[in-house]
Amino acid sequence: MEARRKMRFAMVCSSNMNRSMEAHSLLGRAGLDVASYGTGTHVKLPGPSLHEPNVYDFGTPYNVIYDDLRRKDPDLYKRNGLLPMLKRNTSVKLAPQRWQDNAGDGLFDVIFSFEERVFDLIVDDMHNREQRMLKNALIINMDVKDNHEEAGVGAKLALDLCQKLEGADEDWEEIIDDLIITFEKQHKRKLTYNMAFY
């Protein structure tokens, strides 16, 4: 009997800072093949006021952002959790990456988003890509508030679902409807899903 190929997972939020990185960190520690991305035009982090966000380009290393915020106001950014979050991110990968620029990263079996707007951007992007290989990808969305506590909960739920998908004896296409229904009942969370092709 042929061994099942290990699945590749992509975790995606708006800025590749909190929700996608918490999930990336957790799935990686669990031994899954995972990457993470954001879909925004820039990386936006809370600033001293709602009208003064900290804005960075995708590709700006997490440690550079960390140093910048620590220089600006270490007390504020430690208190609001940004400095610890960035410290975690530096242990996972170098810098935030943009989903729309990821074509060179290879194919993903499952693309997991944490916000409906991000899900819609991924679906649109996948449908606008040239489909050469006709290899399918499952795109799942679970709305998760963008705060540290909810990101932790969302990451655990994403891990649970991804492990179920990877551990299934059948291809995901055969089991996805039942798996989603069971997951929604068990965790009281609504999931949206779609399929796209590479």
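- Leu82 and Leu69 get closest at one heavy-atom pair: CD1-CD1, 4.0 Å.
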Residue pair Glu22, Arg88: steps toward the salt bridge (Lys or Arg N to Asp or Glu O under 4.0 Å) verdict = CA-CA 8 Å; Glu22 182 69 28; Arg88 176 210 55 214; 2.5 Å; yes

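- Salt-bridge check for Arg19 with Glu150: failed, with every basic side-chain N at 4.0 Å or more from each acidic carboxylate O.
- Looking at Tyr37 and Asp101, their side chains never bring a donor and an acceptor atom within 3.5 Å of each other.
- Checked by atom type and distance alone, the side chain of Asn18 pairs as donor or acceptor with a backbone atom of Asn147 at under 3.5 Å.
- More than 12 non-hydrogen atoms from other residues, nucleotides or ligands lie less than 6.0 angstrom from NZ of Lys164.
- The shortest distance between side-chain heavy atoms of Leu27 and Cys162 falls below 4.5 Å.
- The two residues Ala158 and Met142 have their closest heavy-atom pair at N-CE, 4.2 Å.
- No side-chain donor-acceptor contact under 3.5 Å links Asp57 to the backbone of Thr60.
- For Gln131, the CD atom sits in a packed shell: over 12 heavy atoms of surrounding residues, nucleotides or ligands are nearer than 6.0 Å.
- The side-chain heavy atoms of Phe197 and Met126, taken from C-beta on, include no pair separated by under 4.5 Å.
- In Glu52, the CD atom is crowded: over 12 heavy atoms of neighbouring residues, nucleotides or ligands sit closer than 6.0 Å.
- Salt-bridge annotation for Asp109 and Arg8: absent, with no side-chain N of the basic residue lying under 4.0 Å from a carboxylate O of the acidic one.
- The main-chain N or O of Leu191 is never found under 3.5 Å from a side-chain atom of Asn141 such that the two would form a donor-acceptor pair.
- Glu173 has its side chain within reach of Asn136: a pair of non-hydrogen atoms, C-beta onward, lies under 4.5 Å apart.
- The minimum heavy-atom distance between Ser20 and Cys13, with the atom names listed, is OG-SG, 3.1 Å.
- With rounding to the nearest 0.5 angstrom, the CD atom of Glu115 is 9.0 Å from the CG atom of Leu121.
- Within the 4.5 Å cutoff, no side-chain heavy atoms of Met7 are placed close to those of Leu32.
- Looking only at distances, a side-chain donor or acceptor of Tyr198 sits under 3.5 Å from a matching main-chain atom of Phe108.
- Connection of Met195 to Leu165 is established within a shared hydrophobic cluster, with ILVMFWY side chains joined at heavy-atom distances below 4.5 Å, either directly or through further cluster members.
- The shortest distance between side-chain heavy atoms of Met21 and Tyr62 falls below 4.5 Å.
- Residues Asp160 and His187 bring a donor and an acceptor atom of their side chains to less than 3.5 Å of each other.
- You'll find the side chain of Asp146 stays beyond 4.5 Å of the side chain of Phe114, heavy atoms only.
- Salt bridge present: Asp125 and Arg129 bring a charged side-chain N and a carboxylate O closer than 4.0 Å.
- Ser25 contributes atom OG, which lies 12.0 Å from atom NZ of Lys93 (distance to the nearest 0.5 angstrom).
- Side-chain contact between Ile111 and Ile140 is absent, with no heavy atoms from C-beta onward closer than 4.5 Å.
- Taking CZ from Phe58 and NE2 from His42, the interatomic distance works out to 9.0 Å, rounded to the nearest 0.5 Å.
- When all heavy atoms of Gly47 and Tyr77 are compared, the closest pair comes out as CA-OH, 3.5 Å.
- Between Ser36 and Asn16 the shortest heavy-atom distance is OG-ND2, 3.0 Å.
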ask   = Does the salt bridge (Lys or Arg N to Asp or Glu O under 4.0 Å) test come out yes or no for Asp143 and Arg189, once each step is laid out?
value = CA-CA 8 Å; Asp143 284 330; Arg189 294 273 186 146; over 6 Å; no

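- Considering only heavy atoms from C-beta on, Ile122 comes within 4.5 Å of Trp99 through its side chain.
- Closest non-hydrogen pair, Arg70 versus Pro74, comes out as O-CD, 3.1 Å.
- Counting only distance, with no hydrogens or angles, the side chain of Lys188 and the backbone of Lys185 share a donor-acceptor pair below 3.5 Å.
- Ion pair Lys72/Asp68 flagged as a salt bridge, since at least one NZ, NE, NH1 or NH2 atom sits closer than 4.0 Å to an Asp/Glu carboxylate oxygen.
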